[in-house]
There are 2 protein chains.
Amino acid sequence: MADTTADAPVCDIDGMCYCPLTGVIDTLSRKYAMQLVSIIGAHDSLRFAEIEAHLSTASTSTISKRLDEFEDAGLIDRTQYNEIPPRVEYSLTDDGDEVRTRLEPLLEWASAAE
Amino acid sequence: MADTTADAPVCDIDGMCYCPLTGVIDTLSRKYAMQLVSIIGAHDSLRFAEIEAHLSTASTSTISKRLDEFEDAGLIDRTQYNEIPPRVEYSLTDDGDEVRTRLEPLLEWASAAE
DNA sequence: TCTTATACTTCAGAGTCCAAAGCTATGGAG
DNA sequence: CTCCATAGCTTTGGACTCTGAAGTATAAGA
């Protein structure tokens with residue numbers, strides 16, 4: 001009863017447990033985030049309108065936000081070509097490809113279970 | 001231009017792409033959802049207060065909602081013991097354990113990258 | 001001049017997250 | 001007989017997030 005550490009018995013188990021995990025997982029814990037990583041990774045690079053066509057249930061603004069967040073998190077590269085009409089291409093960074101690789105088994109199982 | 005299918009050139013690539021994937025992925029695409037599966041799976045079974053202790057940044061109501069969603073999705077079992085005070089235990093189903101297994105590589109990489 | 005094309009941004013409304021307080025039931029202390 | 005403690009939630013009101021629809025910028029072509 002008289003313990004120096006008040007009462008915080010967290011992660012005192014044999015196995016592993018990713019308790020207050022933040023960072024990349026927070027970025028992926030948003031609507032369409034995992035699908036988006038998978039879609040970009042399945043191609044070498046994609047333009048905004050192509051992403052929209054693949055992920056037609058997501059709104060334009062949500063896709064735009066996800067792309068911004070991924071760029072901030074270092075998961076994707078955004079390459080802008082100053083042409084008219086403008087052209088922008090998105091592709092995965094090495095970290096982004098790492099995430100996609102580790103996401104693949106989950107997505108595969110989830111799509112088989114539909 | 002004169003095509004029977006209006007204009008829906010989706011997923012016409014060599015590799016695979018999980019485009020409008022819904023179901024389990026939607027359930028996992030919410031705050032703390034992936035951590036929650038991992039935490040429950042790391043133990044045989046857990047009580048509500050223990051989950052709260054592990055996931056202390058999440059609010060009570062959010063944890064409650066995630067647990068309901070997981071039960072609806074068939075990822076966890078909820079066992080209620082009618083004692084006073086009441087006792088409830090949560091554990092992964094076979095599907096839930098399958099998800100956890102496939103989630104593990106991602107969480108491991110994400111926690112190493114922190 | 002009007003249309004087309006691309007890649008967004010802005011808006012209002014609906015839905016989701018938060019902390020804190022309340023609820024159910026029972027047994028024991030005062 | 002009233003109060004407190006315990007466990008597992010639900011409720012509340014305010015802040016943040018997602019949605020579809022509409023608007024922005026630029027220049028070539030009809």
Side-chain angles (χ1 to χ4, degrees), chain A residues 1 6-10 20-22 25-37 39-40 43 45-73 76-91, chain B residues 1 6-10 20-23 25-36 39-40 43 45-73 76-91:
Chain A
M1 300 287 178
D7 48 1
V10 175
L21 192 55
T22 54
I25 293 299
D26 277 355
T27 309
L28 290 174
S29 293
R30 289 160 181 273
K31 210 164 182 183
Y32 303 112
M34 295 192 264
Q35 290 98 320
L36 193 47
V37 170
I39 288 164
I40 298 176
H43 305 253
S45 76
L46 276 183
R47 302 178 61 173
F48 194 90
E50 294 174 316
I51 295 173
E52 281 190 295
H54 280 277
L55 209 55
S56 53
T57 51
S59 69
T60 309
S61 46
T62 301
I63 292 174
S64 178
K65 253 176 271 174
R66 287 301 90 84
L67 290 171
D68 283 353
E69 290 156 5
F70 285 174
E71 205 188 347
D72 288 348
I76 62 169
D77 277 330
R78 181 182 186 278
T79 310
Q80 181 169 347
Y81 300 90
N82 289 316
E83 310 166 348
I84 297 293
R87 184 161 62 98
V88 177
E89 304 222 330
Y90 298 93
S91 57
Chain B
M1 301 287 180
D7 47 2
V10 175
L21 192 54
T22 53
I25 293 299
D26 278 355
T27 308
L28 290 174
S29 294
R30 289 161 180 272
K31 210 163 181 185
Y32 304 113
M34 295 192 266
Q35 290 98 320
L36 193 47
I39 287 165
I40 298 177
H43 304 253
S45 76
L46 276 183
R47 301 177 63 173
F48 194 90
E50 294 176 316
I51 295 173
E52 281 189 294
H54 279 279
L55 210 54
S56 53
T57 50
S59 71
T60 308
S61 48
T62 302
I63 292 174
S64 177
K65 252 177 269 171
R66 286 303 89 84
L67 290 171
D68 282 353
E69 290 156 7
F70 285 173
E71 205 188 348
D72 287 348
I76 62 169
D77 277 330
R78 181 182 187 278
T79 310
Q80 182 171 345
Y81 300 92
N82 290 316
E83 309 166 350
I84 297 295
R87 184 160 62 97
V88 177
E89 304 223 329
Y90 297 95
S91 58

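The figures that follow rest on heavy atoms only: side chains count, while hydrogens, waters and symmetry mates do not. A note on names: the letters A, B, ... follow the listed sequences, proteins ahead of strands, and every chain is numbered from 1.
- Counting to the nearest Å, the P atom of dT19(D) and the CG atom of Asp26(B) are 10 Å from each other.
- Distance Glu52(B) CD to dT10(D) P: 12 Å, rounded to the nearest Å.
- dT19(D) atom P lies 9 Å from atom CG of Leu55(A), rounded to whole Å.
- Between Glu89(B) and Thr62(A), the residue anchored nearer the 5' end of DNA chain D, judged by the nucleotide with its closest heavy atom, is Glu89(B).
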### Task
Evaluate the criterion side-chain contact (heavy atoms from CB on, under 4.5 Å) for residue pair Ile51(B) and Leu67(B); output intermediate values, then yes/no.
CA-CA 10 Å; Ile51(B) 295 173; Leu67(B) 290 171; 4.2 Å; yes
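- When heavy atoms are screened at a 4.0 angstrom cut-off, Tyr81(B) is found touching no nucleic acid atom at all.
- Out of dC8(C), dT19(D), dC17(C), the shortest distance to the side chain of Phe48(A) is found at dC8(C).
- Taking the side chain of Ser59(B) as heavy atoms from C-beta on, and the options dA19(C), dA7(C), dC9(D), the nearest nucleotide is dA19(C).
- Between Ser64(A) and Pro86(B), the residue whose closest nucleotide on DNA chain C is further toward the 5' end is Ser64(A).
- Of all nucleotides listed (dA7(D), dC17(C), dA7(C)), dA7(D) comes nearest to the side chain of Arg47(B).
- Side-chain atoms of Arg87(B) lie closest to dG8(D) of the nucleotides dA7(C), dT19(D), dG8(D).
- Distance Ile63(B) CD1 to dC17(C) C1': 12 Å, rounded to the nearest Å.
- Distance, Glu83(B) CD to dT6(D) P: 17 Å, rounded to whole Å.
- Looking at His54(A) and Glu52(A), their side chains never come closer than 4.5 Å, going by heavy atoms from C-beta outward.
- Remark: the backbone N or O of Ile25(A) is paired with a side-chain donor or acceptor of Ser29(A) at under 3.5 angstrom.
- Between the CD atom of Gln80(A) and the P atom of dA7(C) there is a distance of 10 Å, rounded to whole Å.
- For Pro85(A), taking side-chain heavy atoms from C-beta onward, the closest of the listed nucleotides dA5(C), dA7(C), dG20(D) is dA5(C).
- Ion pairing between Glu69(A) and Arg66(A) holds under the 4.0 Å rule for side-chain N and carboxylate O.
- Using a 4.0 Å cut-off, some side-chain N or O of Tyr32(A) falls inside it from OP1 or OP2 of dT19(D).
- Distance from the side chain of Ser61(A) is smallest for dG20(D) among the nucleotides dG20(D), dC17(C), dT6(C).
- Thr62(A) and Ser59(A) share a donor-acceptor pair across their side chains, judged by distance under 3.5 Å alone.
- Atom C1' of nucleotide dG15(C) and atom NZ of Lys31(B) are separated by 15 Å, given to the nearest angstrom.
- For dC9(D), one of the phosphate oxygens OP1 or OP2 lies less than 4.0 angstrom from a side-chain nitrogen or oxygen of Tyr90(B).
- Distances shown here put every side-chain N or O of Arg78(A) at or beyond 4.0 Å from the OP1 or OP2 atom of dA7(C).
- Residue Val88(A) has its side chain nearest to dC8(C) when only dC18(D), dT19(D), dC8(C) are considered.
- The NZ-P distance, from Lys65(A) to dT17(D), rounds to 8 Å in whole Å.
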